[in-house]
Amino acid sequence: MTLAPAGLNTGSHDLPVSPALDAFMATQWAPSPLPAHLRVPGHDRFPGRRARLSAAFPGERLVIPAGRLKVRSNDLDYRFRPHSAYVWLTGLTGEDQADHVLVLEPAGPEGHEPVLHLHPRSPRSGGGGEFYRDRRYGEFWVGRRPDLAEAARLTGVRAEHLGHLEKLLTAPQPPTRVLAGVDPYVDAATGRAAASVQDRELAAVLAELRLVKDTWEIGQLQLAVDHTVTGFEDVVRALPTALRHPRGERWIEGVFDLRARAEGNGTSYTTIAASGAHACVLHWIRNDGALDPDSLLLLDAGVETDTLYAADITRTLPLSGTFTPVQRQAYDLVLAAQSAGIAALRPGARYRDFHAAAMRVIAEGLADWGVLRIPAEQSLAEDSGLHRRYTLCGSGHMLGLDYHDCAQSRADHYLDGTLEEGMVLTVEPGLYLQPDDETLPLELRGLGIRIEDDLVITSDGAHLMSGALPREASAIESWMSTLLS
Ligand code: GLY
Ligand code: MN
């Protein structure tokens, strides 16, 4: 790949273009500007965010790429989703953002000037026919993209052609930081130079700046949750069909993903639809199993809005419509753990507190059942307590533009940090009782249960954003029964 569009992205099977056709294609197109009033959603938020980033790195050039297209095969690329830091700083979210780069250029005594480096709409004449021939960037292949002036109007940020970027990335001054973990659009030689300055500190600061959500972001997250609730209802309504299908898990994935794609950009992560013992695999995304009507279904799924905010919700449902006594006993323990975790959420609490509260309930429950053969207190006191064999992972995580949001934050801001008003997170304890676990009584083997909700920290506690979905066992049974009648 070269910086300038020297070569068109055409397929070997594309028919040659005659000079006569090329000349004809260059003429007689009416102007079609973007409506002048268009702005990125939430556009008034972005200057403040860039100013906070700028303040953290005075005098340094900051390079925040949207990321690159990834080839799936031949001329077929995977769908593109821009890096969340780029989205957070620009509000630009579309698939046409591939290769684009935001640069914060040192300007003035302390500040920065933001400049977007873009691949603009190709001209109808003098552009080598890119608009109708190029499979990656051509308007007639993948749709209209803004020109430089339009991009500047949409975002309030000056826009330049991507071709100017290489000079910046190879210049010795000013000191330049390139966001780690995402490649800028550069040729092979520059790419090596850029890789050497990939910067973890920039990634950490950007993640930490995103930890507390503003009111507009919380509104977007609530929208993601609301669409996810609808998707869960769709799945319950589709259960009779899914139960008849030899790969019922796939059917469920398809039903949820249809809702996600119809209402938003798609899913926030690959849908987990796990029947029976598949639910003991934390991220079961093969989803190729049949649904056993006597078992539980673990559905872990979320809608991502068009603005790229994520929901992440899990429910564990009895496929028969009613929990058996053993299923209910296990379900109620996870529910009690989740409730204890939720009750521990408040500003000023340590991030680890809700996990500790949930784990205390799990360990005590397992000890009561005789599964955990040491006292709960002893298991909890040890770093790798034995109860963790049955519950495996942490009890939640931050949620935002990414479903595992702000993951590059340093421990003192996140894992070892303190909750603040405006943080959004999930609480998702689980029990994963493996089907081949000889420490378990037979009736418990193969049960996998997770309950996951999305919450925003308020001034005195936390608000349950996903409260429209039932959590308690009997409420789940009546909700299912209503949807299925
Ligand atoms: N909801 C699954 C996860 O957070 O990994
Ligand atoms: Mn989660």
Side-chain angles (χ1 to χ4, degrees), residues 81 84 207 210-211 213 220-222 224-229 231-232 235 249 252-253 256-257 259-260 264 266-275 277-287 296-305 308-317 331 334-335 337-342 344-345 351-352 354-355 357-359 362 388 390-409 414-415 419 423-432 447-457 462-469 471:
R81 191 246 192 225
S84 296
R210 286 168 40 203
L211 277 165
K213 276 62 183 176
Q220 293 302 304
L221 286 161
Q222 186 64 60
V225 166
D226 293 347
H227 291 319
T228 302
V229 169
F232 274 65
V235 164
E249 292 176 346
I252 283 168
E253 175 187 340
F256 185 84
D257 290 12
R259 179 62 68 178
T267 56
S268 322
Y269 50 94
T270 310
T271 297
I272 297 167
S275 166
H278 288 165
C280 300
V281 179
L282 291 170
H283 288 174
W284 175 259
I285 57 168
R286 294 183 198 168
N287 299 346
L296 298 173
L297 170 74
L298 186 155
L299 175 63
D300 182 341
V303 172
E304 178 182 74
T305 59
L308 307 189
Y309 282 86
D312 178 2
I313 298 179
T314 307
R315 286 293 180 271
T316 308
L317 311 173
Y331 185 91
V334 178
L335 180 66
Q338 198 209 22
S339 298
I342 289 174
L345 298 176
Y351 174 80
R352 287 181 190 246
F354 77 89
H355 173 66
M359 284 307 103
I362 294 276
R388 291 179 61 185
Y390 310 104
T391 186
L392 296 178
C393 72
S395 303
H397 52 85
M398 296 295 174
L399 186 68
L401 281 165
D402 291 312
Y403 92 117
H404 291 168
D405 206 37
C406 308
Q408 304 299 321
S409 303
Y414 186 170
L415 189 60
L419 296 180
M423 287 180 170
V424 176
L425 75 176
T426 80
V427 179
E428 55 167 321
L431 269 183
Y432 308 100
L447 276 176
I449 297 169
R450 173 159 70 247
I451 312 172
E452 176 171 32
D453 281 277
D454 301 346
L455 299 108
V456 55
I457 305 295
H463 169 68
L464 182 62
M465 302 173 80
S466 43
L469 280 180
R471 293 169 58 240

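Here the structure is a predicted model, which means the values were calculated and not measured. Just follow the structure's listing: the first ligand is 1, and inside any ligand the first atom is 1.
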Heavy-atom closest pair, residues Ser395 and Ala358: OG-CB, 4.0 Å
Leu455 vs Ile342, side chain to side chain contact (heavy atoms under 4.5 Å, CB included): CA-CA, chis, key distance, verdict: CA-CA 8 Å; Leu455 299 108; Ile342 289 174; 3.8 Å; yes
Side chains of Thr426 and Asp312, donor plus acceptor under 3.5 Å: no
Short side-chain donor-acceptor distance under 3.5 Å, Ser466 and Asp454: no
Close-range residues for ligand 1, whose non-hydrogen atoms fall below the 4.0 Å threshold: His283, Asp300, Asp312, His397, Tyr403, His404, Glu428, Glu452
Around the Mn ion (ligand 2), number of protein N/O/S atoms which are nearer than 2.8 Å: 4
Whether Tyr414 and Tyr351 hold their rings parallel, tilted or perpendicular, with breakpoints at 30° and 60°: perpendicular
Sole candidate of Arg81, Gln220, His227 that passes side-chain hydrogen bond (donor to acceptor under 3.5 Å, both in side chains) when paired with Glu304: Arg81
Residue among Leu299, Ile272, Thr271, Asp257 satisfying side-chain contact (heavy atoms from CB on, under 4.5 Å) with Ile252: Leu299
Polar contact flag, side-chain donor to acceptor under 3.5 angstrom, Ser275-Glu249: no
Mutual orientation of the aromatic rings belonging to His404 and His397 [parallel < 30°, tilted 30-60°, perpendicular > 60°]: perpendicular
